[in-house]
Undergrad: 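Shown below is the structure under consideration.
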Amino acid sequence: MLVDSPQRVPAPGHALVRVGAAAVNPSDAKASLGIMPQAVWPRTPGRDFAGTVVEGPTEWIGRQVYGSGGDVGITRDGSHARYLELPLAALRAMPANLSMEEAGAVGVPFVTAYEGFRRSGMPRAGQTVMVMGANGKVGQAAVQLRTQAGARVIAVQRGPGPFAGFSCAPVDVIDATAVDVAATARDLTQGRGADTVFNTVGSAYFDAANKAMAKGATQIFIATHDRAVPFDIFAFYRGMHTYVGIDSLAMDCATSTAQLDAMREGFERGTLKPFPIARAYDLADAAEAYRAVLGGSTDRVVLRP
């Protein structure tokens, strides 16, 4: 339900942003249904944002900013409204070559992918990174970040065809519905395996990912369907493997936006690209936008308050 309420003056150390565009993430839609235990209600949802500063320090007035946050829309009011109050530490100027809608939709997927690689060690040229669930938005962001770094990327997706997202270098694709993922990954790496596995799906790919890991490799997790999985401790320690868990909700808007801004150079030079926007919805049509996301839309959905 849309509610009109008076806009308060931003608190000291904060700025007021007129929201120009804000993505609808699955976590936004789930929070609105009360199935995100971290969310504190009543609450305006919306984690990603792009807009114009209208109140705050003089040097920020009129500037276009963008960002994201695990607190925004979860424990503090979010971006699915006409105005958003942010701490000054969360203000970052939008990349000049992105539209408002593009900037408002890069947040959660790119921040999550970046944090996974930051925590696990940024891959380098010559290394092999396998992305499980590469057709999802976090998976697509992970592919972009690793091809930009010069690493070899193996994209695991459900279905044939080339990698559907953008990448600035060639990507090997494994169709998980047609072949043995681990065996194919081993074949592609002459038996060595992947140095890093970014598992965006979790349990469904857990076994295959473990079997595809090189000695000393790291696997990154951001989600799962089943919480319990069979775990071979012998293979784990003999493989000298490392597991890294990422919870993007644990990063507040200052931290998330700073990490997003660490990718600015890539966006500005074109080695990273924003997601195509399937449709931008007016705020009055927010319920329709949420239904599209909850219905499993693979397109990037954006609100234009």
Undergrad: Roughly how far apart are Leu249 CG and Thr112 OG1, rounded to 0.5 Å?
TA: 8.5 Å

Undergrad: Between His80 and Phe49, is the ring centre distance below 6.0 Å?
TA: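 Judged by ring-centre distance (under 6.0 Å), His80 and Phe49 do not meet the cut-off.
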
Undergrad: Would you please indicate if the ring centroids of Phe275 and Phe166 are separated by under 6.0 Å?
TA: no

Undergrad: At their closest point, which heavy atom of Gly104 faces which heavy atom of Ala50, and how far apart are they?
TA: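 Scanning both residues completely, I find the closest heavy atoms to be N-CB, 3.5 Å.
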
Undergrad: Would the distance check show the side chain of Asp48 and the main-chain N or O of Val108 forming a donor-acceptor pair, the cut-off being under 3.5 Å?
TA: yes

Undergrad: Only distances under 3.5 Å count here; give the side-chain donor-acceptor pairs of residues 153-160 to other protein atoms, sequence neighbours excluded, each with its distance to 0.1 Å.
TA:
from   : atom 1 : to     : atom 2 : distance (Å)
Gln157 : NE2    : Gly159 : O      : 3.3
Gln157 : NE2    : Gly161 : O      : 3.4

Undergrad: May I ask you to check whether Asp252 and Thr255 show a side-chain donor-acceptor distance below 3.5 Å?
TA: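 Thr255 and Asp252 do have a side-chain donor-acceptor pair below 3.5 Å.
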
Undergrad: Can you tell me how far CG of Leu294 sits from CG of Leu33, rounded to the nearest 0.5 angstrom?
TA: 5.5 Å

Undergrad: Is there a path from Val129 to Val111 through hydrophobic residues (I, L, V, M, F, W, Y) whose side chains come within less than 4.5 Å of each other?
TA: yes

Undergrad: Taking Thr257 for the side chain and Ala254 for the main chain, is one N or O donor matched with an acceptor at less than 3.5 Å?
TA: no

Undergrad: Closer than 3.5 angstrom, by distance alone: can the side chain of Ser203 be matched with the main-chain N or O of Thr224 as a donor-acceptor pair?
TA: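 Judged by distance alone, no pair lies under 3.5 Å.
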
Undergrad: Do Glu268 and Asn97 have side-chain atoms, one donor and one acceptor, less than 3.5 Å apart?
TA: no

Undergrad: Are the side chain of Arg146 and the backbone N or O of Met122 linked by a donor-acceptor pair below 3.5 Å?
TA: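 Not a single qualifying donor-acceptor pair exists.
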
Undergrad: Is Met132 linked to Phe236 within one hydrophobic cluster, defined over Ile, Leu, Val, Met, Phe, Trp and Tyr using a side-chain heavy-atom separation of less than 4.5 Å?
TA: yes

Undergrad: Kindly indicate, with the supporting measurements, whether the criterion side chain to side chain contact (heavy atoms under 4.5 Å, CB included) is fulfilled by Leu145 and Leu272.
TA: CA-CA 7 Å; Leu145 287 168; Leu272 299 177; 4.0 Å; yes

Undergrad: Looking at side-chain heavy atoms only, is the closest gap between Tyr83 and Arg18 below 4.5 Å?
TA: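 The answer is yes; the side chains approach within 4.5 Å.
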
Undergrad: Check side-chain hydrogen bond (donor to acceptor under 3.5 Å, both in side chains) between Thr177 and all other residues, then give those that pass, not counting sequence neighbours.
TA: Asp175

Undergrad: Identify whether Ile246 and Val143 are in the same connected component of the hydrophobic contact network (ILVMFWY, side-chain heavy atoms under 4.5 Å).
TA: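 Ile246 and Val143: one cluster.
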
Undergrad: So, taking the atom named CE in Met263 and the one named CD in Gln144, what distance separates them when rounded to the nearest 0.5 Å?
TA: 10.5 Å

Undergrad: Assess whether side chain to side chain contact (heavy atoms under 4.5 Å, CB included) is satisfied between Thr147 and Val171, documenting all intermediate values.
TA: CA-CA 8 Å; Thr147 55; Val171 174; 3.9 Å; yes

Undergrad: Counting distance only, does the side-chain N/O of Ser297 pair as donor-acceptor with the main-chain N or O of Val293 below 3.5 Å?
TA: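 No; zero donor-acceptor contacts below 3.5 Å.
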
Undergrad: Are the side chain of Gln259 and the backbone N or O of Ser256 linked by a donor-acceptor pair below 3.5 Å?
TA: no

Undergrad: One thing to verify: whether Glu115 and Arg118 come together as a salt bridge, which I'm taking to mean a side-chain N less than 4.0 angstrom from a carboxylate O.
TA: yes

Undergrad: Side chains of Lys137 and Phe110: closer than 4.5 Å at any heavy-atom pair?
TA: no

Undergrad: Do the side-chain N and O atoms of Asn25 and Arg300 include a donor-acceptor pair separated by under 3.5 angstrom?
TA: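 Side chains of Asn25 and Arg300: pair found under 3.5 Å.
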
Undergrad: Show the nearest heavy-atom pair for residues Ile220 and Ser120, with the distance to one decimal.
TA: CD1-OG, 3.4 Å

Undergrad: Counting only N and O atoms by type, is there a donor-acceptor contact under 3.5 Å from the side chain of Arg152 to the main-chain atoms of Thr128?
TA: no

Undergrad: Check the side chains of Ser248 and Arg47 for a donor-acceptor pair under 3.5 angstrom, ignoring hydrogens and angles.
TA: yes

Undergrad: Looking at CE of Met100 and CD1 of Ile277, how far apart are the two atoms once the value is rounded to the nearest 0.5 Å?
TA: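 Spacing of CE (Met100) from CD1 (Ile277) equals 13.0 Å.
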
Undergrad: Can you see which heavy atom on Cys253 is nearest to which on Asp71, and at what distance?
TA: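 Result for this residue pair: N-OD1, 2.9 Å.
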
Undergrad: Side chain of Thr75, backbone of Val40: donor and acceptor closer than 3.5 Å?
TA: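 Absent.
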
Undergrad: Closest approach of Arg186 and Gly193, non-hydrogen atoms and distance?
TA: NH1-N, 3.6 Å

Undergrad: Verify the ring-centre separation between Tyr114 and Phe117: is it less than 6.0 angstrom?
TA: no

Undergrad: So, for Asn199 and Ala209, which heavy atoms are closest and what is the spacing to 0.1 Å?
TA: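 In this case the closest contact between Asn199 and Ala209 is ND2-CB, 4.3 Å.
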
Undergrad: Please report the interatomic distance CG(Asn210) to CG(Asp232), rounded to the nearest 0.5 Å.
TA: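 Answer rounded to 0.5 Å: 8.5 Å.
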
Undergrad: Say you draw a straight line from NZ of Lys215 to CG of Asp195; how long is it, rounded to the nearest 0.5 Å?
TA: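 Reported to 0.5 Å precision, the distance equals 14.0 Å.
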
Undergrad: Applying the 4.5 Å side-chain criterion to the ILVMFWY set and letting contacts propagate, would Val197 and Ile222 be lumped into a single cluster?
TA: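 Different clusters.
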
Undergrad: Do Arg92's NZ or CZ and the ring of Tyr66 fall within the cation-pi criteria of under 6.0 Å and 45°?
TA: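 Not satisfied by the 6.0 Å and 45° rule.
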
Undergrad: Using the ring centroid of each side chain, check whether Phe221 and Tyr243 are separated by less than 6.0 Å.
TA: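 Aromatic pair counts; centres sit under 6.0 Å.
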
Undergrad: By side-chain contact (heavy atoms from CB on, under 4.5 Å), which residues pair with Ala185, not counting sequence neighbours?
TA: Met130, Ile174, Ala212

Undergrad: Does the side chain of Val65 come within less than 4.5 Å of Thr52's, by heavy atoms?
TA: no

Undergrad: If hydrophobic clusters are built by linking Ile, Leu, Val, Met, Phe, Trp and Tyr wherever their side-chain heavy atoms come under 4.5 Å apart, do Val229 and Val181 end up in the same one?
TA: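 Yes.
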
Undergrad: Check the orientation of Phe231 and Phe206. Use parallel for under 30°, tilted for 30 to 60°, and perpendicular for over 60°.
TA: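 Phe231 and Phe206: tilted rings.
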
Undergrad: Using a 6.0 Å distance limit plus a 45 degree cone around the ring axis, check whether Arg279 lies over the aromatic ring of Tyr281.
TA: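 So Arg279 does make the cation-pi contact.
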
Undergrad: Quick one: are Gln38 and Met36 in side-chain contact, heavy atoms under 4.5 Å?
TA: yes

Undergrad: Donor-acceptor pair, Ser79 side chain versus Ala22 backbone, under 3.5 Å?
TA: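 The answer is no, because no donor-acceptor pair under 3.5 Å joins these two groups.
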
Undergrad: With a 4.5 Å heavy-atom cut-off, do Phe198 and Thr218 have their side chains touching?
TA: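 A side-chain contact under 4.5 Å is absent here.
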
Undergrad: Kindly indicate whether a cation-pi arrangement holds for Arg43 with Trp41, taking the cut-offs as under 6.0 Å to the six-membered ring centre and within 45° of the axis.
TA: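 Ring-cation test returns no.
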
Undergrad: Okay, side chain of Asp282, backbone of Asp285: is any donor-acceptor separation there less than 3.5 Å?
TA: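 Between the backbone of Asp285 and the side chain of Asp282 there is no qualifying donor-acceptor contact (under 3.5 Å).
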
Undergrad: Just wondering, do Arg269 and Gln148 contact through their side chains at under 4.5 Å, heavy atoms?
TA: yes

Undergrad: Between Arg119 and Gly245, which heavy-atom pair has the shortest distance, and what is it?
TA: NH1-O, 3.1 Å

Undergrad: Do the side chains of Leu86 and Leu91 get nearer than 4.5 Å, heavy atoms only?
TA: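 Sidechains of Leu86 and Leu91: in contact.
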
Undergrad: Side chains of Leu84 and Asp77, heavy atoms from C-beta outward: is any pair under 4.5 Å?
TA: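 No - every pair of side-chain heavy atoms lies 4.5 Å or more apart.
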
